[in-house]
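Take a look at the structure set out below.
All figures in this text were calculated on a predicted structure; none of them were measured in a lab.
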Amino acid sequence: MGRLNNLAYPEVTLTIDFGGSGTKGIVQIRGGKPTAFWIEAAVIEVPYTSLAFQTRNLGNAYPQNTAWVGVGEDYRAVGYLARSIYSATPRLKPRKYELALYKTLAAIWVIKQKFKLSDSFDISLALLLPPGEFEDSALLKPMLKEALTQFDTPTKKINANLVGYECFPESGGIYAMYCKNTGEAIRRKVIALVMLGYRNASVIISRRGILNRGKTAKLGMTKMVDLVIEGTSGLEAEELIEAIVAAGDEPKAQHFYHLCSSNSTKDAQIEKIISVVNSSRAEYAFTK
């Protein structure tokens, strides 16, 4: 068997999941190994002059912390820069494709910087959208194709030629792997895949190998976090999420100690937080 011709592959192959808690992706540079990356979810519109000033010393920070992109006259800070400098918050109400353009362009710039790519290259994209928003993929493709031809970044303009585009419903990869492992039996089974994300919850059902279009509801983990915030005082969602995740199934005082400032009432505050976390988790599970 002859060797595969590496030149037949695009220089960059990129897969992205536009999660409400962060943009998660896997990138493979032609001839290299796949590498995972993560960029914070915030996106906000900002004037070019402000972005240029804030990122004038690029050598002092990782690219994922200084990402911004410009398409025509539309400039957006993305990720840590958007959150830390411009106080942007993850926007959970818009459909994912509405911000996917900027998140994808920012990810491409970060990859270009990390792998020291040229300003022009071929790229193949594989994107994930919730089953209930999967039809938006047809709207996203032309937006990306046009923007990729020339977009502005903290270094210089980038030209990326889109040579491959695929969009899959979230959990599509898990379903494909399950089908591969199950074999012929998938044609006799009824299975359901449920995804509980930060922004929303989705389900897809396969009946005898026929996959439905799936349903998506805004019942992600953010709903539980909102319940905790409503039942306590002075807590921020970001630090609260980290504490809840670290606590797992058994919240203890050490998981929430750093969230309380007053030494005289700290024990009472922590006890209150733990109580609200437990009750909110139960209410969230019942709602779902």
Side-chain angles (χ1 to χ4, degrees), residues 14 16-25 27 35-117 119 127 140 143-144 147-148 150-160 197-199 220-222 225-226 228-229 233-246 258-259 261:
L14 176 60
I16 299 180
D17 177 1
F18 304 104
S21 60
T23 300
K24 301 169 284 290
V27 59
T35 302
F37 67 88
W38 183 85
I39 301 174
E40 293 179 50
V43 177
I44 190 171
E45 187 174 1
V46 181
Y48 167 77
T49 52
S50 177
L51 290 169
F53 176 78
Q54 293 294 345
T55 56
R56 62 195 183 280
N57 297 317
L58 291 175
N60 296 331
Y62 292 121
Q64 63 266 32
N65 295 331
T66 58
W68 60 261
V69 295
V71 181
E73 299 300 317
D74 183 6
Y75 284 83
R76 307 286 178 119
V78 180
Y80 178 77
L81 178 68
R83 180 179 65 81
S84 63
I85 301 298
Y86 301 105
S87 301
T89 57
R91 295 173 59 191
L92 303 180
K93 290 186 178 181
R95 298 200 300 274
K96 286 189 176 180
Y97 96 94
E98 296 179 39
L99 299 179
L101 171 66
Y102 310 106
K103 293 180 179 183
T104 302
L105 298 181
I108 291 172
W109 176 73
V110 170
I111 290 164
K112 173 192 175 300
Q113 292 299 104
K114 282 182 172 292
F115 292 95
K116 297 179 172 54
L117 303 178
D119 299 324
L127 310 179
L140 181 57
M143 293 167 56
L144 280 166
L148 284 168
Q150 183 171 286
F151 63 97
D152 208 355
T153 72
T155 48
K156 56 179 64 175
K157 293 185 185 297
I158 292 177
N159 165 242
Y198 179 66
R199 174 177 174 264
M221 183 185 173
T222 181
V225 175
D226 288 344
V228 177
I229 292 175
S233 62
L235 297 180
E236 297 290 337
E238 184 174 346
E239 58 184 6
L240 185 56
I241 292 167
E242 294 178 0
I244 292 174
V245 172
H258 64 288
L259 301 181
S261 56

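Ala42 and Ala82 get closest at one heavy-atom pair: O-CB, 3.7 Å. The two residues Lys112 and Thr155 have their closest heavy-atom pair at NZ-OG1, 4.4 Å. The nearest pair of heavy atoms linking Val69 to Ala106 is CG1-N, 3.6 Å. The shortest non-hydrogen separation linking Val78 to Lys103 is CG1-CA, 4.5 Å. When all heavy atoms of Leu101 and Met143 are compared, the closest pair comes out as CD1-O, 3.9 Å. In this structure, Pro154 and Leu58 approach most closely via the heavy-atom pair O-CD1, 3.6 Å.
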- Message: What verdict does the side chain to side chain contact (heavy atoms under 4.5 Å, CB included) test give for Leu81 and Leu51, after you've listed the backbone C-alpha separation in whole Å, the side-chain angles of each residue and the deciding distance to 0.1 Å?
- Response: CA-CA 9 Å; Leu81 178 68; Leu51 290 169; 4.1 Å; yes

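Contact annotation: the side chain of Leu148 approaches that of Ile108 to within less than 4.5 Å [non-hydrogen atoms, C-beta and beyond]. In this structure, Met221 and Val245 have side chains that are in contact, with non-hydrogen atoms separated by less than 4.5 Å. Residues Asp74 and Glu45 are in side-chain contact: their nearest non-hydrogen atoms beyond the backbone lie under 4.5 Å apart. No side-chain heavy atom of Ile111 sits less than 4.5 Å from a side-chain heavy atom of Thr35.
Heavy-atom contacts from other residues, nucleotides or ligands closer than 6.0 Å to OH of Tyr80 number 12 or fewer. Heavy atoms of other residues, nucleotides or ligands lying less than 6.0 angstrom from CZ of Phe115 number more than 12.
One finds the CD atom of Glu73 at 11.5 Å from the OH atom of Tyr48 (value rounded to the nearest 0.5 Å). Between the CH2 atom in Trp68 and the CD1 atom in Ile85 there is a gap of 14.5 Å [rounded to 0.5 Å]. We find the CD1-OG1 distance between Ile158 and Thr153 to be 4.5 Å, quoted to the nearest 0.5 Å. Atom-to-atom distance recorded for Phe37:CZ and Leu14:CG is 5.0 Å, nearest 0.5 angstrom. The distance from the OH atom of Tyr75 to the OH atom of Tyr102 is 12.5 Å, given to the nearest 0.5 Å. The distance from the CH2 atom of Trp109 to the CG atom of Leu117 is 12.5 Å, given to the nearest 0.5 Å.
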